[in-house]
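To keep things clear, I will list the structure first and then write my remarks on it.
What you see is a predicted model; the values in this text were computed from it and never measured. Below, read A as the first sequence line, B as the second, and so on, with proteins coming before strands; counting in each chain starts at 1. Scope of the values below: all heavy atoms of this structure, side chains included, with no hydrogens, waters or symmetry mates.
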There are 2 protein chains.
Amino acid sequence: MIDRSATAVRPLPDELADRIDLAAPVFADNGLDATRIDDLAKATGIPRATLYYYFPGKEHILAHLLSRTLRQMTATLSDVAAEPGTGRERLARLVRAHLVFIGEHGPTYRLLFAELGRAASLVDIAAGVDVAILSPIRQALRDGHNDGSLHIDDVSAAASVVYGAVLVTGMQHLLLGTSGDLANRADAISNVILRGIGGKPTPRQSRRTTTGGT
Amino acid sequence: MIDRSATAVRPLPDELADRIDLAAPVFADNGLDATRIDDLAKATGIPRATLYYYFPGKEHILAHLLSRTLRQMTATLSDVAAEPGTGRERLARLVRAHLVFIGEHGPTYRLLFAELGRAASLVDIAAGVDVAILSPIRQALRDGHNDGSLHIDDVSAAASVVYGAVLVTGMQHLLLGTSGDLANRADAISNVILRGIGGKPTPRQSRRTTTGGT
DNA sequence: GTGACGATTGGACGATACGTCTAAGCTACG
DNA sequence: CGTAGCTTAGACGTATCGTCCAATCGTCAC
């Protein structure tokens with residue numbers, strides 16, 4: 001329907017590429033719908049006519065920003081995933097790094113999912129999420145299975161569990177403003193994922209954590 | 001910012017309450033933004049002026065629908081959760097029922113999350129999600145812990161893992177149109193959640209499931 | 001130096017959709 | 001039969017979109 005160019009129809013000059021980033025907080029504050037092109041123009045200092053010169057519409061500006069964040073996340077997570085260690089260790093690091101990323105890019109991350117439905121039709125952000133997030137997870141899972149540090153029957157199911165845990169935890173944090181540090185939750189989550197919640201009492205006797213909840 | 005009334009400012013007559021449901025597919029197809037009030041009027045057969053008589057705007061109509069779906073989900077899941085059995089059994093049933101619900105209410109469910117960012121500002125849908133979904137999960141977890149069928153250290157972390165797994169699986173299905181039946185994935189997910197992916201080879205030797213994936 | 005071309009931008013424009021409002025018709029109840 | 005509230009068509013006024021044009025400016029080739 002619309003051309004697949006992730007960013008803009010015309011190549012975006014570097015100077016504008018920098019300034020357009022200033023649009024992110026505006027989108028984050030108001031959402032796609034309530035954001036006026038004029039707001040973006042004001043916030044970025046780029047005149048409205050120029051914005052339209054480079055972007056077909058505000059959705060494309062948002063898509064540009066989101067795919068940028070997605071690339072950032074891809075870079076961050078793949079760096080973390082590349083560090084040495086067993087698959088199990090790397091998985092734990094991925095979980096932590098992901099939560100930290102959510103904490104740092106809260107508004108944008110929330111935007112990513114809030115507008116995923118809309119923006120996904122312009123860019124294949126859904127696919128980008130897969131590459132950025134699920135793919136390193138799957139890799140760590142496979143590696144862990146091979147090096148014996150993990151035990152995976154169904155890679156895709158396990159990846160869904162891992163990602164889901166992170167996503168829900170992050171979203172609770174972003175939407176409901178739950179308990180303090182996201183990074184702190186990483187251990188609790190990794191624990192559950194690794195040990196499971198099946199009946200068999202695990203090696204270390206039940207060291208109670210924050211049993212409470214919201 | 002806007003009053004918290006979940007549905008409408010005026011009490012909605014039953015007859016209209018029925019018809020307004022016809023607006024759901026319209027929203028689901030187009031999203032909040034692209035849906036015109038006139039479209040809703042046409043789809044529901046309720047004149048525009050009447051819509052405005054009962055709802056302050058289309059966002060409130062959407063909020064009304066979403067909270068309705070949420071109530072439905074609450075009912076469905078709490079029914080399932082109420083069935084007899086160990087916490088572990090009920091948890092597995094919850095996972096399955098939830099996935100089935102997603103499969104059946106695909107468009108609306110997707111909408112629920114696509115517009116959550118926006119709608120959450122009108123209604124406390126985020127809180128509704130918590131009640132509808134997380135709360136029965138937590139209950140099953142606690143019960144399972146007490147009856148010995150589960151082993152939970154951190155209820156809220158475990159609940160996040162469970163819900164996240166379901167959510168991500170469901171979303172993959174809805175957005176990417178992954179493999180066939182959602183209900184089929186329920187077992188794989190429950191397996192991972194219960195047994196964990198930690199190295200210790202589980203009691204029953206690794207009965208390989210669908211090791212493949214996307 | 002000069003002309004050409006593309007980037008840049010202010011401002012005007014038509015279109016669309018929103019949400020408001022009015023007024024007329026209708027129903028129901030006392 | 002009269003009042004009150006529900007219902008609805010249609011007319012507005014407003015906001016924002018996206019398009020378009022014309023003026024300006026910088027750069028490059030000749």
Side-chain angles (χ1 to χ4, degrees), chain A residues 1-3 5 7-23 25-65 115 117-119 121-123, chain B residues 1-5 7-23 25-65 111 115 117-119 121-123:
Chain A
M1 180 176 286
I2 307 181
D3 49 39
S5 87
T7 54
V9 174
R10 302 162 193 269
L12 195 63
D14 288 350
E15 199 235 334
L16 291 192
D18 288 343
R19 308 237 271 187
I20 200 68
D21 288 350
L22 297 173
V26 181
F27 276 123
D29 286 345
N30 308 318
L32 172 59
D33 200 10
T35 298
R36 326 260 151 255
I37 290 275
D38 280 316
D39 298 341
L40 299 180
K42 187 143 44 92
T44 61
I46 304 171
R48 211 173 72 104
T50 306
L51 286 178
Y52 274 114
Y53 185 74
Y54 285 106
F55 298 96
K58 61 179 171 177
E59 282 146 331
H60 289 253
I61 298 178
L62 175 62
H64 169 81
L65 294 173
E115 311 295 350
R118 195 93 47 264
S121 53
L122 300 179
V123 202
Chain B
M1 179 176 284
I2 309 180
D3 51 37
R4 57 272 109 78
S5 86
T7 54
V9 173
R10 302 163 194 267
L12 196 62
D14 288 349
E15 199 235 333
L16 291 192
D18 288 343
R19 308 237 272 187
I20 200 67
D21 289 349
L22 297 173
V26 181
F27 276 123
D29 287 346
N30 308 318
L32 171 61
D33 200 11
T35 299
R36 326 261 153 258
I37 290 275
D38 282 316
D39 298 341
L40 300 180
K42 187 142 45 92
T44 61
I46 303 171
R48 212 173 71 104
T50 306
L51 287 177
Y52 274 113
Y53 184 76
Y54 285 105
F55 298 96
K58 61 179 171 178
E59 283 146 330
H60 289 254
I61 298 178
L62 176 62
H64 168 81
L65 294 173
L111 196 58
E115 311 295 351
R118 193 96 46 265
S121 55
L122 298 180
V123 204

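Looking only at side-chain heavy atoms (C-beta outward), A:Leu51 and A:Ile20 come within less than 4.5 Å of each other.
When all heavy atoms are compared, the tightest approach of B:His64 to B:Phe55 is CB-CE2, 4.0 Å. Residues A:Ala17 and A:Leu12 come closest through the heavy atom pair CA-CD2, 3.8 Å.
With rounding to whole Å, A:Asp39 atom CG is found 12 Å from D:dA15 atom C1'. One interatomic measurement links the two molecules: CG of A:Leu51 to C1' of C:dT9, which rounds to 11 Å at whole-angstrom precision. Computed from coordinates, the B:Ile46 CD1 to D:dT7 P distance equals 10 Å when rounded to whole Å. With rounding to whole Å, B:Tyr52 atom OH is found 15 Å from D:dA9 atom P. Between the CZ atom of B:Phe55 and the C1' atom of C:dC18 there is a distance of 17 Å, rounded to whole Å. What separates OH of B:Tyr54 from P of D:dG5 is a distance of 13 Å, to the nearest Å. B:Ile37 places its CD1 atom 10 Å from the P atom of C:dT20, with the value rounded to the nearest Å. Between the CD atom of B:Glu15 and the C1' atom of C:dT27 there is a distance of 14 Å, given to the nearest Å.
With hydrogens and angles left out, the side chain of A:Arg48 and the base of C:dG11 share no donor-acceptor pair within 3.5 Å.
For the OP1/OP2 pair of D:dC6 and a distance below 4.0 Å, the side-chain nitrogens and oxygens of B:Tyr53 include at least one atom meeting the criterion. The side chain of A:Thr50 contributes an N or O atom lying less than 4.0 Å from OP1 or OP2 of C:dT9.
Put simply, the side chain of A:Asp39 never gets that close to the backbone of A:Thr35: no donor and acceptor are under 3.5 Å apart.
Comparing A:Ala49 and A:Arg36 against DNA chain D, the residue whose closest nucleotide sits nearer the 5' end is A:Arg36.
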